[in-house]
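Presented below is the structure to which this report refers.
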Amino acid sequence: MAQISFERLKRRLRELARFGALGGGGVTRPAWSPQYEEARAWLVGEIKAAGLDAWVDPAGNVFGATDISAFADDRPAVLTGSHIDTVPEGGTLDGALGVIAGLECLHAIVEQRLPHARPLAVAAWIDEEGRYGSLFGSRAFCGLLDTAKVPELAAVDGERLVDVMTRAGFDPARVGEARVNRAAVSSYVELHIEQGPRLEEAGVPIGVVEAIVGIRRTRLTFVGQADHAGTTPMERRRDGFLAAAEYSIKARDLVVKKSGGRAVTNVGVVRVHPGVSNIVPARGEIIHEMRAPDPGMLERLWKDCRALARRVARRRGVTVDVVPQSATSPAACAPRVQAAVADAARDAGLATTTLYSAAGHDAQNLATMTEAGMLFIPSSGGRSHRIDEWSAPEAIERGANVLLGTLLRLSA
Ligand code: HGY
Ligand code: MN
Ligand code: MN
């Protein structure tokens with residue numbers, strides 16, 4: 001059975017981890033940052049050194065292919081990949097594993113002259129983590145990006161996408177040219193760490209992903225009034241932060257209770273204005289995120305949360321401004337790709353289990369234009385989006401070899 005070169009895969013993972021490496025471990029490599037652009041240049045060099053064709057599209061996605069005709073309408077490609085941008089203080093495998101293992105598979109296929117009737121390509125999708133726009137690069141590729149909105153896209157710290165793209169040498173006005181039509185892609189499969197505890201706790205080495213959650217993010221700003229923190233009687237205060245805090249706790253309880261555990265919720269961005277200790281906060285601003293594998297559930301929960309926000313605001317004598325930020329749709333994975341993963345795992349003598357992804361992924365965009373799927377390897381302790389994210393070397397090698405077997409099946 002065909003095998004990848006695990007030494008080469010480990011070397012590339014080690015080298016990629018250097019770009020944006022943090023002193024205490026982990027990595028911060030946001031899309032378009034100087035460290036990201038150095039990583040991009042390194043990746044293009046590795047793709048070429050592997051004997052593959054390499055190019056970067058106008059949206060900033062990097063590609064490697066067994067032949068340059070990939071994505072031509074009459075030569076639909078089998079596509080794999082993931083992302084090399086990271087969250088702040090993130091791990092070295094989230095995204096990187098799928099890109100480096102995909103590159104290794106294509107390298108092994110070319111090097112060992114393994115049979116494939118279709119061209120194969122690997123992608124590094126830009127800004128999967130959504131610093132400027134959720135799943136940005138794969139949305140542009142799949143024609144899901146509203147390019148008119150590109151000038152408005154900015155990070156929570158205010159840095160604008162158009163500025164960082166220009167700094168990196170890209171023309172934001174050309175992002176729409178990255179779109180590829182659906183005839184050009186035959187199927188897509190992505191290897192990723194699970195980023196949760198289920199595979200490890202079940203003792204199963206390979207996860208066959210059946211669906212990927214939708215994610216809804218909304219900015220809520222509770223507006224009261226600034227007052228002196230010492231002299232204002234407590235019953236007269238109209239505190240924007242306390243309203244945001246009450247909403248955050250009650251929204252969490254509502255989502256857990258109403259979804260029976262099938263949805264999750266998080267408030268990861270909190271801003272208080274004016275934000276000094278001797279002023280009662282006029283404004284409390286949060287970004288509230290909810291995730292569920294079921295589109296109807298997400299919609300119902302959002303309606304309940306919006307009503308909750310209005311109740312809390314009324315009771316606390318403040319107003320609330322609700323602005324949707326982003327919404328990705330849940331995606332079902334293609335049965336043909338799921339079967340290819342399961343067959344490749346079986347041939348490798350590996351047990352599998354089917355599960356849904358509680359993390360969002362570029363695969364959910366590819367699922368709108370082709371047969372798309374994912375395979376997971378266990379995350380140690382379920383840890384991810386933190387510097388001690390880790391998967392066992394043998395899990396990484398198994399995942400890459402199952403990816404190779406899957407790609408050979410899909411491109412036969
Ligand atoms: O947030 C997510 O689900 C993914 O890691 N971007
Ligand atoms: Mn991530
Ligand atoms: Mn990821």
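In each ligand, atom 1 is the first atom listed, and ligand 1 is the first ligand listed. All values derive from a computational prediction rather than experimental measurement.
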Checklist entry - Can you tell me if H192 has an N, O or S atom under 2.8 Å away from the Mn ion (ligand 3)? => result yes

Checklist entry - Any N/O/S atom of D94 sitting less than 2.8 Å from the Mn ion (ligand 3), backbone or side chain? => result yes

Can you name the atoms of ligand 1, numbered from 1 with element, that are less than 4.0 Å from a heavy atom of [X]?
X	answer
A359	3 (O)
E128	4 (C), 6 (N)
H385	1 (O), 5 (O)
E129	4 (C), 5 (O), 6 (N)

Item to check | N, O or S of E129 under 2.8 Å from the Mn ion (ligand 2) | outcome: yes

Next on the checklist: Within 2.8 Å of the Mn ion (ligand 2), is there any N, O or S atom belonging to H385?
Outcome noted: yes

Checklist entry - Is there a heavy atom of R291 sitting under 4.0 angstrom from any atom of ligand 1? => result yes

Checklist entry - Is I215 in polar range of ligand 1, meaning some N or O pair under 3.5 Å apart? => result no

Checklist outcome for this item: The protein heavy atom nearest to atom 4 (C) of ligand 1 is G360 O, 3.5 Å

Flag for [Y]-[X]: side-chain donor and acceptor within less than 3.5 Å:
X	Y	result
D94	H192	yes
Q35	R29	no
T28	E89	no
E194	S379	no
Q3	N401	yes

Next on the checklist: Please verify the inter-ring angle class for Y247 with H288; under 30° counts as parallel, over 60° as perpendicular, anything in between as tilted.
Outcome noted: perpendicular

Checklist entry - Is the F71 ring parallel, tilted or perpendicular to the W55 ring (thresholds 30°, 60°)? => result perpendicular

Next on the checklist: Quick check for you: to the nearest 0.5 Å, what is the distance between L404 atom CG and L114 atom CG?
Outcome noted: 6.5 Å

